[in-house]
Amino acid sequence: VQLVESGGGLVQAGGSLRLSCAVFGGTFSRYWLGWFRQAPGNERVFVAGIARRDVNSDYADSVKGRFTISGDTAKNTVYLQMNSLKPEDTAVYYCAAAEQALFHSTILKKTVEYDYWGQGTQVTVSS
């Protein structure tokens with residue numbers, strides 16, 4: 001299974017970006033999916049997650065109301081729409097996929113729970 005992110009870039013504070021993560025080599029509807037981010041010197045942290053087959057989603061408190069995660073089964077792609085961006089959103093963003101979770105509706109929030117990772121895409125928000 002291979003995950004390929006795209007859509008990162010440089011944007012001014014208050015702007016928007018949409019990240020995409022294409023999933024290759026597996027059955028998209030099987031996976032629990034998530035977005036994480038890692039700023040320099042910091043740990044990789046949970047941003048947003050979506051349960052298998054889109055039945056549920058959840059967000060980190062820092063992005064609630066500004067970011068939206070969604071999946072497109074026809075395109076084997078998960079998206080992260082980011083609005084009202086802030087300088088503190090600057091980080092490398094990673095998408096991840098997991099093959100197992102306790103329930104279909106479970107949102108996985110720990111890096112160790114995921115089996116596959118993309119290479120990351122840089123998001124830089126200028127003030």
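The structure displayed is predicted, hence computed values, not measured ones.
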Can you confirm if the NZ or CZ of Arg44 lies within 45° of the ring axis of Phe36 and under 6.0 Å from the centre of its six-membered ring? no
Between the SG atom in Cys95 and the CD1 atom in Ile50, the distance rounded to the nearest 0.5 Å is 12.5 Å
Nearest 0.5 Å, please: how far is CG in Leu102 from CD in Gln100?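 If I round to the nearest 0.5 Å, the distance is 10.5 Å.
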Measure across [X] and [Y] and return the closest heavy-atom pair with its distance rounded to 0.1 Å.
X	Y	value
Pro87	Ser127	CG-CB, 3.8 Å
Ser105	Asn56	O-ND2, 3.1 Å
Arg66	Leu85	NH1-CA, 3.9 Å
Gly120	Glu5	N-OE1, 2.7 Å
Ala98	Leu108	CB-CD1, 3.4 Å
Val1	Gly25	CG2-O, 4.0 Å

Between the main-chain N or O of [Y] and the side-chain N or O of [X], is there a donor-acceptor pair closer than 3.5 Å?
X	Y	result
Asp58	Ile107	no
Tyr59	Ile69	yes
Thr90	Val125	yes

Whether Tyr31 and Tyr116 hold their rings parallel, tilted or perpendicular, with breakpoints at 30° and 60°: perpendicular
Pick out which of Lys109, Lys110, Glu113 makes a side-chain contact (heavy atoms from CB on, under 4.5 Å) with Phe46. Lys109
Run Asp61 and Lys64 through salt bridge (charged side-chain N to carboxylate O under 4.0 Å, His left out) and show every step you take. CA-CA 5 Å; Asp61 288 342; Lys64 278 182 181 176; 3.4 Å; yes
ILVMFWY network linking [X] to [Y], side-chain heavy atoms under 4.5 angstrom:
X	Y	value
Val78	Leu3	yes
Leu19	Phe28	yes
Leu80	Tyr94	no
Tyr93	Val23	yes
Trp35	Phe67	yes

Where do Met82 and Asp89 land on the side-chain contact (heavy atoms from CB on, under 4.5 Å) test, with the steps shown first? CA-CA 9 Å; Met82 306 186 295; Asp89 294 319; over 6 Å; no
Greater than 12 external heavy atoms within 6.0 Å of Gln122's CD: yes
